[in-house]
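Taking it in order: structure first as structure tokens, then the write-up.
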Number of protein chains: 2
Amino acid sequence: MEKVTINSVAKHAGVSKKTVSRVLNNEPNVSDATREKVQQAFKELNYRPNPIARGLAHNRSFIIGCLYDNPSKSYITRVQSGALEACQERNYNLLIHPCELRGEPLIDNIETLISTSRLDGLVLTPPFSDNKELVDYLKFRNVPYARVAPVTLDDESISIKSNDTQAAYDITKLLLSLGHKEIAFIKGHPDHSATEARFDGYVKALGEEGIALKTEFVAEGNFSYHSGEDSARKILESAARPSAVFASNDYMAAAVLKVASQMSLKVPDELSIVGFDNAPIARHIWPGLTTIAQPVEDMTFRAVTLLIDSINATEIENMVEIFAGKLIERQSTAQFSH
Amino acid sequence: MEKVTINSVAKHAGVSKKTVSRVLNNEPNVSDATREKVQQAFKELNYRPNPIARGLAHNRSFIIGCLYDNPSKSYITRVQSGALEACQERNYNLLIHPCELRGEPLIDNIETLISTSRLDGLVLTPPFSDNKELVDYLKFRNVPYARVAPVTLDDESISIKSNDTQAAYDITKLLLSLGHKEIAFIKGHPDHSATEARFDGYVKALGEEGIALKTEFVAEGNFSYHSGEDSARKILESAARPSAVFASNDYMAAAVLKVASQMSLKVPDELSIVGFDNAPIARHIWPGLTTIAQPVEDMTFRAVTLLIDSINATEIENMVEIFAGKLIERQSTAQFSH
DNA sequence: ATTTAATCTGACACCGGTGTCATAATTAGC
DNA sequence: GCTAATTATGACACCGGTGTCAGATTAAAT
């Protein structure tokens, strides 16, 4: 297969390569006749511009990096899926970068990533979205970035928020409306800002009913299945067992279900359980988990789209958008029966 | 931050840029003194070669594509993880390409992918590893590729195999040794060659015990949780209910467990269940699934490493390597009690 | 001390695009 | 119909590296 470059197209169409470049980029100041000729040559030769050469000329890589450190595989693939779609639409490539938050020094890691791969921009997903050190570094290095699901807002970057607090409030309200008064809570990883946000919603809902927060009903998890197990044991084996458990994500909720099974506690008759995220496991276990579905793909898609557009815009405009979660009721919740 | 190019390094070190390039690529014919000087300049200026310029000069992208279409998120992330590690080690980037096998014409899709992204090579994961049309196309287009977990061998490519048949044989043998004689089987997706391989192992083990294959005990699934549910209903609601079910992957096995729970069938006392893959769900449900763990990361890592090395080698050497699965016993299997 | 071979080093073109600017071809204005 | 303003086009340098090849330097051989 003969290599087709801009030169061959130019020769074929009988014009200069600069003119070909003009047609390629939809630049003005090309006569209709010439444009036609060149486009014809594109087709006849099946020409594809070389993104690498283009990148060199522009001093750009047309690559967006996606940073994550999340135990949930399904969350990661959803993030990737949204990011990929946005990239493909704009002819960018996506470079995935899983990354241990507590591993080697984060900044060094990112520094290497950026300078070796020449990323044009970076999407931060939780828990990086709220990592001040990282955000400051990117700002200092002048690397465009977008934040997915941050809690803190700096008004200086593209941020696509989810309203975790509201959603957590809603799902807690659901439990309350079912007659539950003793509702335990399992927190997520302290590095994730969603952890506090979700907890806040829970606290707010309880507060509105005039129910005091019981410290023995609040366990410290870290979003992992394992931490959910430990927390569930602590909560369910305590003297005053709650009638419902709100786990900050579905993995931990699944772990609560497992512990309940092992203790022969019937769910939802003797114990209601709710999770968060609507991970696949929420519908893969029996009973299915009542949980909050978040539009992860949409959020990431939007973040990457805004990021790429801001890279190519002359005027940089930073914006915040908020996406809402949706309550999904399955079989793990039921009316409280004394 | 000043831009550091090969020219600035050359000036700083007082040599030509070609000499800098020589040092960069560890080429011979550079005096120790000069090499020292240049390396010193690298450090002082914190120089990072521009992969894009390098790519243009070499007519290479230093990007490996990873093709997949797999419902299992955990499988995908494991594949990615192995591939990424191999790429990072060799200074390549990884481009992920999820892809609907039954979606738009596959070859067109790949054609676009290759010509727009200028991939240097492609890793095929199931079900693409055994897609003859695709493999033929890549061969025709002269695109280097490696196949992860193929079943058919063409001896003309890098192939990293797993011994699915053996593993399926082993796990069936386990059920037989527990006294089970009526063992149902849920097949995977017909496009995945692993489907037949696993079935073969099951058939072989039964055959050795002189147990005839019952067609009513073989269901056609497609690796999805949902198909597992349907298959499980068909099998468990039949008149002659088996005492054990072998599902071709863990998602379908989890679905069997769900259906069994709904039917109040106690697992493992009244029904043993085994899966395949050791997906996270296998240990996230209760009882945990007895299954086969495959070294997915290792296999992909190896495939990508071999692929990159073969791209850079003058002599192309194709090879086949076989990785073994490992039987993992959890709580979903027990002695058959009449 | 020369010749010969081996080892270094740099000038220069090139990879495949894009930006700048000068010039050619139109069109508009009167 | 002639000049002025506008639009269309191409020559050329450049992005940051690498390959080729010739020339300079050093080491080995006689």
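Chain naming here is simple, since letters A, B, ... match the order of the sequence lines and numbering starts at 1 in each. These numbers were taken from a predicted model, which means no experiment stands behind them.
Partners of K139(B) under the salt bridge (charged side-chain N to carboxylate O under 4.0 Å, His left out) rule, at least two apart in sequence or in another chain, are D154(B), E156(B). With sequence neighbours left out, R90(A) forms a salt bridge (charged side-chain N to carboxylate O under 4.0 Å, His left out) with D309(A). Listed by chain and number, the residues in a salt bridge (charged side-chain N to carboxylate O under 4.0 Å, His left out) with R302(A) are E321(A) (sequence neighbours excluded). Under the rule for a side-chain contact (heavy atoms from CB on, under 4.5 Å), the partners of A10(B) that lie at least two apart in sequence or sit in another chain are K17(B), V20(B). Residues satisfying the side-chain contact (heavy atoms from CB on, under 4.5 Å) criterion with T152(B), sequence neighbours excluded, are D130(B), R147(B). Among residues two or more places apart in sequence or in another chain, the ring pair (Phe, Tyr, Trp, His ring centres under 6.0 Å) test is passed with Y47(B) by F42(B). For E85(B), there are no salt bridge (charged side-chain N to carboxylate O under 4.0 Å, His left out) partners at least two apart in sequence or on another chain. Residues meeting the side-chain contact (heavy atoms from CB on, under 4.5 Å) test with A303(A), sequence neighbours left out: V123(A), A146(A), V148(A), I160(A).
Looking at residues 28-38 of chain A, you'll see N29(A), V30(A), S31(A), T34(A) sit with a heavy atom under 4.0 Å from some atom of DNA chain D.
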(request) Sugar-phosphate means primed atoms, P, OP1 and OP2; the rest is base. With that split, encode nucleotides 15-20 of chain D 5' to 3' as B, S or - using protein heavy atoms under 4.0 Å. (result) BBBBBB
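Rounded to 10 degrees, the angle between the two end axes of the helix from dA1(C)-dT30(D) to dC30(C)-dG1(D) is 30°, with five pairs used at each end.
Listed by first and then second residue, the side chain to side chain donor-acceptor pair (under 3.5 Å) pairs that reach into residues 51-61 of chain B are N25(B)-R54(B), R60(B)-Y92(B), R60(B)-N312(B), S61(B)-D120(B), sequence neighbours excluded.
Proximity of T19(A) to the phosphate of dG10(D): a side-chain N or O atom is located under 4.0 Å from OP1 or OP2.
Checking H97(B) against N109(B) by side-chain atom types alone, a donor-acceptor pair falls below 3.5 Å.
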